[in-house]
Number of protein chains: 6
Amino acid sequence: MHIRIINPNTTRAMTETIGTAAKNVAASGTRITATQPASGPVSIESHFDEAISAVGVAEEVLAGERSEDPVDAYVIACFGDPGLLAARELTRAPVIGIAEAAFHVATMISTRFSVVTTLGRTGIIAEHLLESYGFNHHCRRVRAAEIPVLDLERNAKVAVQRLVEECRRAKEEDNIGAIVLGCGGMADLTDYLTDAVGLPIIEGVTAAVKLSEALVGLNLGTSKHGDLAFPRPKPFTGRFESFSDLNTR
Amino acid sequence: MHIRIINPNTTRAMTETIGTAAKNVAASGTRITATQPASGPVSIESHFDEAISAVGVAEEVLAGERSEDPVDAYVIACFGDPGLLAARELTRAPVIGIAEAAFHVATMISTRFSVVTTLGRTGIIAEHLLESYGFNHHCRRVRAAEIPVLDLERNAKVAVQRLVEECRRAKEEDNIGAIVLGCGGMADLTDYLTDAVGLPIIEGVTAAVKLSEALVGLNLGTSKHGDLAFPRPKPFTGRFESFSDLNTR
Amino acid sequence: MHIRIINPNTTRAMTETIGTAAKNVAASGTRITATQPASGPVSIESHFDEAISAVGVAEEVLAGERSEDPVDAYVIACFGDPGLLAARELTRAPVIGIAEAAFHVATMISTRFSVVTTLGRTGIIAEHLLESYGFNHHCRRVRAAEIPVLDLERNAKVAVQRLVEECRRAKEEDNIGAIVLGCGGMADLTDYLTDAVGLPIIEGVTAAVKLSEALVGLNLGTSKHGDLAFPRPKPFTGRFESFSDLNTR
Amino acid sequence: MHIRIINPNTTRAMTETIGTAAKNVAASGTRITATQPASGPVSIESHFDEAISAVGVAEEVLAGERSEDPVDAYVIACFGDPGLLAARELTRAPVIGIAEAAFHVATMISTRFSVVTTLGRTGIIAEHLLESYGFNHHCRRVRAAEIPVLDLERNAKVAVQRLVEECRRAKEEDNIGAIVLGCGGMADLTDYLTDAVGLPIIEGVTAAVKLSEALVGLNLGTSKHGDLAFPRPKPFTGRFESFSDLNTR
Amino acid sequence: MHIRIINPNTTRAMTETIGTAAKNVAASGTRITATQPASGPVSIESHFDEAISAVGVAEEVLAGERSEDPVDAYVIACFGDPGLLAARELTRAPVIGIAEAAFHVATMISTRFSVVTTLGRTGIIAEHLLESYGFNHHCRRVRAAEIPVLDLERNAKVAVQRLVEECRRAKEEDNIGAIVLGCGGMADLTDYLTDAVGLPIIEGVTAAVKLSEALVGLNLGTSKHGDLAFPRPKPFTGRFESFSDLNTR
Amino acid sequence: MHIRIINPNTTRAMTETIGTAAKNVAASGTRITATQPASGPVSIESHFDEAISAVGVAEEVLAGERSEDPVDAYVIACFGDPGLLAARELTRAPVIGIAEAAFHVATMISTRFSVVTTLGRTGIIAEHLLESYGFNHHCRRVRAAEIPVLDLERNAKVAVQRLVEECRRAKEEDNIGAIVLGCGGMADLTDYLTDAVGLPIIEGVTAAVKLSEALVGLNLGTSKHGDLAFPRPKPFTGRFESFSDLNTR
């Protein structure tokens with residue numbers, strides 16, 4: 001089974017962090033490839049960054065579909081799940097976002113959880129997803145450690161310390177059974193944080209890999225009946241001309 | 001007052017239809033300009049089309065911000081409100097999507113309404129917006145006339161006839177006070193449909209123009225406090241390099 | 001265009017404050033008249049006050065309908081939107097409540113807002129409206145400055161100071177992009193508070209005037225199809241006999 | 001125990017129907033008095049009728065409070081529960097609306113119910129109450145038999161036949177365990193309809209009487225802590241002057 | 001009228017406390033019997049305790065149904081309402097849980113309430129019930145006094161003191177009109193707490209007794225139409241063999 | 001990895017059907033054991049059956065915990081997820097219900113789904129779970145094929161034909177992308193139905209096996225922090241005495 005992890009930002013170091021974390025949980029028969037778009041923001045910390053990154057996500061799915069190395073499932077490795085429904089339209093394979101993956105898993109091992117994300121301003125993205133997916137009643141609180149995303153790479157020691165502190169506050173104050181980490185860049189921190197905080201810590205990249213394996217193992221892919229069917233082929237103009245008359249199957 | 005209408009698809013004829021409809025309702029002191037992205041899909045009929053179109057929307061807002069002809073408010077003239085929150089981050093001006101505009105107006109003149117959109121597969125986009133905005137209890141039903149978007153331009157007679165029929169079914173079956181038209185390309189049909197159906201018909205482009213005038217008249221623009229603040233400047237790579245280190249004010 | 005602002009309480013000084021604020025934002029072609037019922041409470045600070053005031057609201061709408069100076073839109077200028085649906089039944093014109101107007105506007109310029117109202121005991125009215133209109137997910141918190149309504153007229157300095165303090169607390173604690181003022185008597189304070197607090201302040205009277213202009217400009221009025229149709233004419237007894245066999249058009 | 005049933009409309013025959021139904025279910029120690037306002041609509045079939053009737057409801061509660069024959073609980077016998085929160089502010093006694101009473105009871109004997117009301121246009125009032133009270137998930141459908149309220153008195157045979165038919169349709173189509181009758185004027189029809197339809201029929205007047213007895217038996221009355229405390233005394237003008245400086249205890 | 005109170009735990013002292021509290025509020029024509037299962041947990045403080053206790057509840061209802069002393073209504077006297085829907089299937093009589101009873105009553109005398117329960121870990125049970133019943137918008141907060149259930153019997157002085165303190169905090173901090181006590185073992189504390197806290201205190205056992213009287217007085221029992229119909233008779237194996245081929249009427 | 005499937009009813013043939021279906025999707029390193037309680041109903045078709053079956057579920061989890069063949073994850077293989085939260089309290093391993101599993105999976109491959117269950121009267125159980133889990137907005141409709149559960153074993157041909165017909169109706173009428181099968185006894189029908197209906201068919205037993213593998217692969221088990229911690233040990237009486245002073249780790 002081949003699972004392609006798409007890091008929606010263009011920071012290769014983060015792709016590697018994510019890919020390594022994914023490989024660490026992959027089943028023996030699962031092959032992980034991790035990729036990032038050629039074009040897009042180096043980190044995703046706003047609605048704008050997220051909107052732009054969705055194009056790269058779609059392109060990486062299309063690349064996977066056209067690849068000689070067929071992809072069995074895709075993971076979108078940014079906590080805002082950018083381009084999730086668009087990506088699903090482009091393939092028969094399952095596509096899993098790391099936010100949804102983490103939320104699904106959190107509700108299976110606890111009755112209430114909190115989210116700890118990077119910046120306060122991206123908390124609203126998590127809140128919107130919680131509402132849209134139907135998990136808002138299960139989440140006590142969306143918290144921010146106020147860490148810029150790339151500090152998880154560049155300034156890891158300080159960033160991790162802040163994360164530990166915010167997770168501990170969540171444990172003490174929120175009346176919860178688990179914590180969801182709200183950034184793909186935290187994919188390698190699960191074990192460390194679990195130990196440091198003393199509560200199950202759920203991270204989306206690893207969760208999405210395992211949910212992808214689950215769907216593939218069920219022989220289930222994105223439904224092509226209804227609103228996730230392949231897009232109607234049509235002309236695209238300008239720099240998106242390559243999307244014209246998409247040849248999907 | 002200068003309101004820029006952004007048609008998120010790249011079909012110039014539709015931009016003109018939309019612009020004309022906008023001008024027809026604009027106040028005497030309001031100047032309308034209508035534009036569309038250089039790059040993107042010729043129509044928006046899927047999550048994928050919508051995701052790609054969000055880039056063009058953002059670029060058109062940035063172009064407006066850098067223009068020597070300052071823009072007082074932006075309207076996003078596709079019923080999925082693509083890129084709405086991203087666009088809001090890029091400007092101090094108000095940005096209004098035509099779906100939200102139509103929903104707001106519908107709740108001010110009726111207690112329950114239905115939506116009549118083009119294709120069944122895009123109905124889910126309207127449903128998601130209704131839930132996200134909080135209007136789902138006010139909407140009885142999202143209906144589709146099963147018209148491809150560009151048929152509103154190319155094959156108008158048949159398309160309009162189907163619309164009339166679906167609107168009449170909504171009137172008879174849905175126990176409603178108003179109908180919301182679910183496509184920017186229907187902007188010129190409001191009067192005709194109102195007469196033909198005998199019930200208030202709400203169209204988003206015109207609604208958004210008037211709500212934009214309202215916000216500008218209140219001296220209110222997008223809040224720059226909290227999660228709609230300007231995006232943190234950062235590098236973008238590849239074909240999105242021009243978004244690097246955005247110089248917003 | 002003639003917009004009639006109905007102050008649902010009987011304090012003429014407040015009507016004047018409200019009328020002046022309305023005129024300050026009205027478009028050049030808009031004429032504002034401000035009125036208050038002959039009968040009713042001098043301020044509205046309870047469910048009881050609100051229930052009684054709804055009669056005066058209805059009467060003022062009927063007076064407007066019978067006037068030789070035709071009214072194009074009505075605004076109900078008390079934050080509980082008393083008698084809103086009743087008033088809508090009585091006219092083909094749009095009728096806008098200031099609470100709904102402020103909520104609509106708040107969601108167009110921010111993703112989350114708080115309400116700052118006068119007395120704690122009227123907070124529940126705002127909460128009920130938020131739920132009924134569908135805006136409860138967008139509102140973080142309903143706060144009270146604990147100011148009796150008429151202190152906004154009589155004891156303005158102290159009242160305004162308390163308002164500033166409560167708005168600042170909301171800004172610091174609530175993770176919001178905007179504040180909605182929860183009383184028609186605050187209509188003249190928007191600019192002052194915006195400066196003092198440093199965050200968009202939305203006030204309902206002014207918001208409702210601009211939304212009324214928007215609806216009239218769209219040639220949309222209250223739907224007479226369905227449950228907002230004119231009431232069935234019938235006898236009324238006693239001091240409400242004048243409502244008998246209402247002659248509406 | 002003295003329960004005062006307030007028929008919010010001014011049709012004495014309906015007050016008698018309601019009073020008789022109330023007496024039929026009252027406990028041996030319960031004394032029922034039934035009254036209606038001196039002023040108001042002869043029937044309540046619109047938001048406007050309802051708004052006006054709330055004044056009469058409040059006055060009847062005040063009359064009860066000042067009476068030499070102390071009232072232990074009040075019932076508001078119109079299915080829109082007009083003036084319910086206002087009435088609660090005016091007394092330490094419990095005040096029960098017949099819509100809420102019927103909904104409470106329905107959820108105790110079934111998992112899903114439907115409402116059968118008089119006119120289609122008043123269905124929205126029931127829908128709003130269901131949402132506000134939190135019972136909307138329990139109600140499958142609000143149906144109308146299209147009977148003017150006073151036809152329940154004047155034209156009873158035809159009216160009852162239509163009711164039976166609509167109730168039977170609800171039973172067959174709605175997948176429910178019980179039916180709630182949506183009008184105070186149906187108070188005497190419960191037994192007949194239960195037999196004719198073959199499903200528990202819940203009627204609000206009788207339900208409210210028994211819930212009132214329950215609250216009084218628990219020594220519980222309307223909370224005077226928080227937003228249902230007595231209204232702040234203040235001047236009222238014009239024909240509502242008698243409400244000035246309310247002397248409540 | 002014969003109301004059977006079922007204490008779902010097997011602590012006879014608690015059954016007596018509950019029975020006494022029930023008798024204190026019962027109407028003159030009401031006879032209370034209080035019972036507990038022969039088998040089950042001595043207190044209910046977890047989902048597991050609750051699941052096991054549901055069997056005993058069902059058996060006690062079956063015993064009541066087969067008794068020569070016919071039962072007119074059943075009360076399930078544990079705040080998690082264990083086995084409520086199962087119990088309803090087994091009888092034509094009404095069955096009331098004390099949590100639902102308390103919630104119903106709380107919404108009739110206040111607009112917002114808080115729950116004060118025993119242990120933090122059982123708070124989630126109250127939260128789930130509030131959501132399922134539709135009362136979550138009416139409840140500000142579920143609080144725990146951190147008292148093991150049986151301490152209400154064994155260590156009453158300390159337990160009551162903690163309850164008083166938690167109730168006072170609720171009164172001061174939660175902006176509420178009433179408090180719901182979240183444990184059947186608190187049935188005898190209502191009067192004491194009402195005095196000590198100065199706010200209406202609602203207790204479920206007493207509330208359920210009065211609501212049962214109300215339903216019986218309305219001649220209403222559990223609907224046997226739809227999903228609360230008697231279970232299809234079938235074999236049960238092992239220690240539940242006695243449930244085989246249930247002979248219900 | 002050892003996954004224990006607990007069939008909550010006592011029909012061994014169904015346990016075998018379920019176990020076989022589970023094995024068919026299990027990963028190569030996964031060992032499936034399937035079991036059913038010694039005591040309980042032969043099928044689960046009511047709230048009562050479900051309540052009784054929860055005891056057997058708990059016992060099977062306890063048996064697994066005490067077994068010399070350690071269990072890594074438990075699956076509760078009845079569509080009502082009986083005893084789910086109780087079971088979670090008894091173990092550090094993950095416990096997955098087949099209804100939740102199917103709902104989780106359905107939302108990952110479609111935007112809207114319908115449920116097709118056995119008997120109409122059990123539809124309410126699915127509705128309650130959808131609400132409790134937060135998936136109600138994603139589910140269009142809960143449908144019943146009106147097949148007694150054991151007919152899936154005894155009368156398979158007719159039962160399957162009815163299922164096919166109901167699934168086809170769902171596909172045609174419900175505007176969905178996937179169907180969830182609402183009974184553990186349908187575990188072997190997924191492939192057949194997928195072919196016959198032409199739409200992804202999601203079955204809970206197989207879904208739960210793969211989600212269990214996912215959780216174990218993530219090294220995540222039921223949180224022992226908060227309300228899913230092991231139950232406080234305590235005495236149980238009568239036939240449940242064996243639950244006394246549970247020795248959990």
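Lettering of chains follows the sequences in order, A, B, ..., and the numbering in each one begins at 1.
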Can you name the closest pair of heavy atoms from [X] and [Y] and give their distance?
{"X": "B/Phe79", "Y": "B/Ala126", "answer": "CE2-CB, 4.2 Å"}
{"X": "B/Val75", "Y": "B/Ala208", "answer": "CG1-CB, 3.6 Å"}
{"X": "A/Val180", "Y": "A/Ala106", "answer": "CG2-CB, 3.7 Å"}
{"X": "A/Ile18", "Y": "A/Gly184", "answer": "CG1-O, 3.6 Å"}
{"X": "B/Asp227", "Y": "A/Arg121", "answer": "CB-O, 3.3 Å"}
{"X": "A/Leu90", "Y": "A/Lys224", "answer": "N-NZ, 4.2 Å"}

State, yes or no, whether a side-chain contact exists between [X] and [Y] at a heavy-atom distance under 4.5 Å.
{"X": "B/Pro8", "Y": "B/Ile76", "result": "yes"}
{"X": "B/Val71", "Y": "B/Thr91", "result": "no"}
{"X": "A/Met186", "Y": "A/Leu152", "result": "yes"}
{"X": "B/Val61", "Y": "B/Ile6", "result": "yes"}
{"X": "B/Thr33", "Y": "B/His2", "result": "yes"}
{"X": "B/Arg12", "Y": "B/Glu16", "result": "yes"}
{"X": "A/Val216", "Y": "A/Ile3", "result": "no"}
{"X": "A/Val115", "Y": "A/Phe103", "result": "yes"}

Original post:
Which bit of B/Glu127 is near chain A, if near means a heavy-atom gap under 4.5 Å: side chain, backbone, both or neither?
Top reply: neither

Subject >> Interface moiety of B/Leu246 toward chain A, non-hydrogen atoms closer than 4.5 Å >> reply: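 The side chain, not the backbone.
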
Neighbours of chain A found in [range] - heavy atoms under 4.5 Å:
{"range": "residues 42-57 of chain B", "value": "B/Val42, B/Ser43, B/Ile44, B/Glu45, B/Ser46, B/His47, B/Phe48, B/Asp49, B/Ala51, B/Ile52, B/Ala54, B/Val55"}
{"range": "residues 134-141 of chain B", "value": "none"}
{"range": "residues 81-89 of chain B", "value": "B/Leu85, B/Ala86, B/Glu89"}

**OP:** Pick whichever of B/Leu150, B/Leu228, B/Ile124, B/Ile125 has the most heavy-atom pairs under 4.5 Å with chain A.
**Re:** B/Ile124

Subject >> For chain B, the option from A/Leu119, A/Asn9, A/Thr10 that forms the most heavy-atom pairs under 4.5 Å >> reply: A/Thr10

**OP:** Could you have a look at A/Pro231, A/Ala38, A/Gly40 and say which one has the most heavy-atom pairs with chain B under 4.5 angstrom?
**Re:** A/Gly40

Original post:
Can you check whether B/Ser132's main-chain N or O pairs, donor with acceptor, with A/Glu131's side chain at less than 3.5 Å?
Top reply: no

Original post:
Can you check whether B/Arg92's main-chain N or O pairs, donor with acceptor, with B/Thr222's side chain at less than 3.5 Å?
Top reply: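 Between the backbone of B/Arg92 and the side chain of B/Thr222 there is no qualifying donor-acceptor contact (under 3.5 Å).
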
Original post:
Could you state the interatomic distance from CZ (B/Arg169) to OG (B/Ser114), rounded to the nearest 0.5 Å?
Top reply: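 Rounded to the nearest 0.5 Å, the CZ-OG separation comes to 12.5 Å.
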
Original post:
Which residues in residues 232-242 of chain A have a heavy atom less than 4.5 Å from any heavy atom of chain B?
Top reply: A/Arg232, A/Lys234, A/Pro235, A/Phe236, A/Thr237, A/Gly238, A/Arg239, A/Phe240

Subject >> Pair B/Glu165 + B/Arg162, salt bridge at N-O below 4.0 Å >> reply: no

Original post:
What do the steps show when you test B/Asp151 against B/Val158 for side chain to side chain contact (heavy atoms under 4.5 Å, CB included), and what is the final call?
Top reply: CA-CA 8 Å; B/Asp151 276 18; B/Val158 170; over 6 Å; no

